[in-house]
K.L.:
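Structure provided below as structure tokens; questions to follow.
Within every chain, numbering begins at 1; the chains are lettered A, B, ... in the order of the sequence lines, protein sequences first and strands thereafter. The figures that follow rest on heavy atoms only: side chains count, while hydrogens, waters and symmetry mates do not.
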2 protein chains.
Amino acid sequence: MMEKKESNITDWDKWTKLISEEYGVNLDKTDQETEKQKRILEAALHFFAEKGYSGTSTSMIAERAQVAEATIFKHYKSKKGLLLRLVIPALGKVATPYLIRSVLNIIDQDKPLYQLAQEIYADRVHKIEANWDKVRLILVESLFHPELREALKNHVLKAIYEVMSERIEELKAAGRIRQDIPTHALIRSFMSIALGYLIARNFAPEIMAQGKEEEELAWMAEIALYGVAGPAEKELWREKEE
Amino acid sequence: MMEKKESNITDWDKWTKLISEEYGVNLDKTDQETEKQKRILEAALHFFAEKGYSGTSTSMIAERAQVAEATIFKHYKSKKGLLLRLVIPALGKVATPYLIRSVLNIIDQDKPLYQLAQEIYADRVHKIEANWDKVRLILVESLFHPELREALKNHVLKAIYEVMSERIEELKAAGRIRQDIPTHALIRSFMSIALGYLIARNFAPEIMAQGKEEEELAWMAEIALYGVAGPAEKELWREKEE
DNA sequence: TCAGTTAGTGAGTGATCACTTACTTACTTT
DNA sequence: AAAGTAAGTAAGTGATCACTCACTAACTGA
């Protein structure tokens, strides 16, 4: 297991190095930035998220950041380099064992599954909502930039899937998660419910996410674990099972 | 109920008229189109879906459609007009009672809920997969075009929600759907599972949608109705209930 | 027959695009 | 204090953008 993680990290590092050389972006020293660099990144994220990468011009970014357009190109060789500077470090954080472990720490607690599910939903939803602009940017732009799509799939999604499926298998063996459905479908559905909630919250809360966040998270955990069926249909199911 | 539907249609018609005048697009005679017009629409959908609206130039469309660039503007006054010509009739079909009723026809059958859920999933997934490019285009561009977002929310989503919630309430009253969770959360979670599947299929099938389509749809219905919890946790739940 | 309409286009339009060049300013190093 | 270096920018660059104009060709109805 340790080896697996290390090889993932190496893959990720190799990939970032390759990309950063191709586009001439420095992805290492993301902590020692000028005031103006920070303003450029803020402005870029603002417009990329609102209008999309293609719908944003470097002059718009320069104006909002109150810098000359040439300053942008001084620091991030190209417009795409700027996008990658925003997106890749964010992906790196997610792919990192650190963040994945925060979910595992919840799963490994000795509590009823319902409480674990609710805690996981709360943890992920809060983290994603706090960075909703960036998450949306990554998801949308991965549709149009093949390298981003690859990274999201082969580094982030795969890492999450591998770590989660390990625990799901354990829970299956303990009879705490149903064994008649493949792990990937269980994970996908569990995550879909959170994704749907996030979209609803940000797109049409007054129709599809009317409750308080706490309540919604509790309902999501209820549905994910026990389904939407009422007592009458549950009886049918019990009969079918036996 | 009849009145409600009619008023929805009127709203939709009013809205389309307003928009088509604002952007000078003819959205009525979508069936009597020239050969070249069809080629333009095909090329536009192709690039809009692949590169996004902003990432597509009218010259690209003209080249693929094998027409002069000016021909595009002869028929669709502006680039945005072309987008709306692609998107609005498609939205209209979804908002139409006809398509909504195809789901209701399934619900109204006298079968176990599990079979109904599976049939609904199959019906919607197949229809959406057949038009995946267009669906993706609508969802993505609604992020960047406020009028599209409004239309999707206030005409399509609302219409679907109202019709579905009516049936859910009935099923709740009959004890076939659980009554302790609000309708909007039930509908949202049910639809989220399908959305998640569609995304997985088109984005990372080898990780998150490994099964045959038939199998996946059955698993989705199982999870939506009865949840992911295994027998051990179901016992906990039954105790909690009593 | 001929005026009116529609489909279609080649050759442009100014505006804006991402990006470069040549330069100044300010700070650091020796 | 001299030399080097990084930050920052005004003023461009050619290419491409969405869109227009003036025109031809083909068809339609009176």
K.L.:
Which residue is it: B:Leu82, B:Leu83, B:Leu86? I am looking for the one with a side-chain contact (heavy atoms from CB on, under 4.5 Å) to B:Tyr76.
P.N.:
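Testing B:Tyr76 for a side-chain contact (heavy atoms from CB on, under 4.5 Å) against B:Leu82, B:Leu83, B:Leu86 leaves exactly one candidate, B:Leu82.
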K.L.:
Round to the nearest Å and state the distance from A:Phe73 atom CZ to D:dT13 atom P.
P.N.:
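So the two atoms are 17 Å apart, to the nearest Å.
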K.L.:
Whole angstroms only, please: what is the NZ-P distance between A:Lys80 and C:dC19?
P.N.:
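Going from NZ in A:Lys80 over to P in C:dC19 covers 11 Å.
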K.L.:
Once you round it to whole Å, what is the distance between C1' of C:dC17 and OH of A:Tyr53?
P.N.:
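Value for this atom pair: 12 Å.
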K.L.:
Starting from C1' on C:dC17, measure out to CZ on A:Phe47 and report it in whole angstrom.
P.N.:
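Taking atom C1' of C:dC17 as the reference, CZ of A:Phe47 is at 16 Å.
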K.L.:
Return the value, rounded to whole Å, for the distance between atom CD of B:Gln37 and atom P of C:dT9.
P.N.:
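B:Gln37 atom CD is separated from C:dT9 atom P by 12 Å.
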K.L.:
B:Ala70 has a side chain; which of C:dG8, C:dT9, C:dA18 sits nearest to it?
P.N.:
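Given the options C:dG8, C:dT9, C:dA18, the side chain of B:Ala70 is closest to C:dT9.
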K.L.:
Consider the side chain of A:Thr58, meaning its heavy atoms from C-beta on, and name the nucleotide among C:dA18, D:dA7, C:dA7 that approaches it most closely.
P.N.:
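Ranking C:dA18, D:dA7, C:dA7 by closest atom to the A:Thr58 side chain puts C:dA18 first.
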K.L.:
Got a salt bridge between B:Lys17 and B:Asp13, using NZ or NE/NH1/NH2 to carboxylate O under 4.0 Å?
P.N.:
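No.
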K.L.:
In whole Å, I'd like the distance from the CD atom of A:Glu63 to the P atom of C:dA18.
P.N.:
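My rounded result for the distance is 14 Å.
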K.L.:
Can you confirm whether the side chains of A:Glu33 and A:His75 place a donor and an acceptor under 3.5 Å from each other?
P.N.:
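Per modelled atom types, A:Glu33 and A:His75 side chains form no pair under 3.5 Å.
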K.L.:
Distance check: side-chain N/O of A:His75 vs OP1/OP2 of D:dA6, anything under 4.0 Å?
P.N.:
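For D:dA6, neither OP1 nor OP2 has a side-chain N or O of A:His75 closer than 4.0 Å.
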K.L.:
Validate the cation-pi geometry between A:Lys79 and A:Tyr53: distance from NZ or CZ to the six-membered ring centre under 6.0 Å, angle to the ring axis within 45°.
P.N.:
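Yes, a cation-pi geometry.
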K.L.:
Can you measure B:Lys51 atom NZ to D:dC17 atom C1' for me and round it to whole angstrom units?
P.N.:
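My rounded result for the distance is 16 Å.
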K.L.:
Categorize B:Ser54 for me: base, sugar-phosphate, or nothing, with a 4.0 angstrom heavy-atom threshold over every strand shown.
P.N.:
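Here B:Ser54 touches no strand at all.
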K.L.:
Closest-nucleotide mapping onto DNA chain D: is B:Ser78 or B:Lys74 further toward the 5' terminus? I mean the 5' end.
P.N.:
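Between the two, 5'-proximity favours B:Ser78.
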K.L.:
Return the value, rounded to whole Å, for the distance between atom CD of A:Glu33 and atom P of D:dA7.
P.N.:
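Answer to the nearest Å: 11 Å.
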K.L.:
Looking at the side chain of A:Lys36, which of C:dT9, D:dA18, D:dG8 is the nearest nucleotide?
P.N.:
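Given the options C:dT9, D:dA18, D:dG8, the side chain of A:Lys36 is closest to D:dG8.
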K.L.:
Out of C:dG10, C:dC17, D:dG8, which has the shortest distance to the side chain of A:Ser57?
P.N.:
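Per side-chain heavy atoms of A:Ser57, the pick is C:dC17.
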K.L.:
Under 4.0 Å, heavy atoms only, any strand: does A:Lys79 hit a base, just the sugar-phosphate, or nothing?
P.N.:
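Sugar-phosphate contact only - A:Lys79 comes under 4.0 Å of backbone atoms but never of a base.
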K.L.:
May I ask you to establish whether B:Lys93 and B:Tyr98 are in a cation-pi arrangement, using a distance under 6.0 Å from NZ or CZ to the six-membered ring centre and at most 45° from the ring axis?
P.N.:
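Judged by the rule (NZ or CZ under 6.0 Å from the ring centre, within 45° of its axis), B:Lys93 is not positioned above B:Tyr98.
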K.L.:
Applying a 4.0 Å non-hydrogen cut-off, can you work out what B:Thr71 is touching in the nucleic acid: base, sugar-phosphate, or nothing?
P.N.:
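Base contact.
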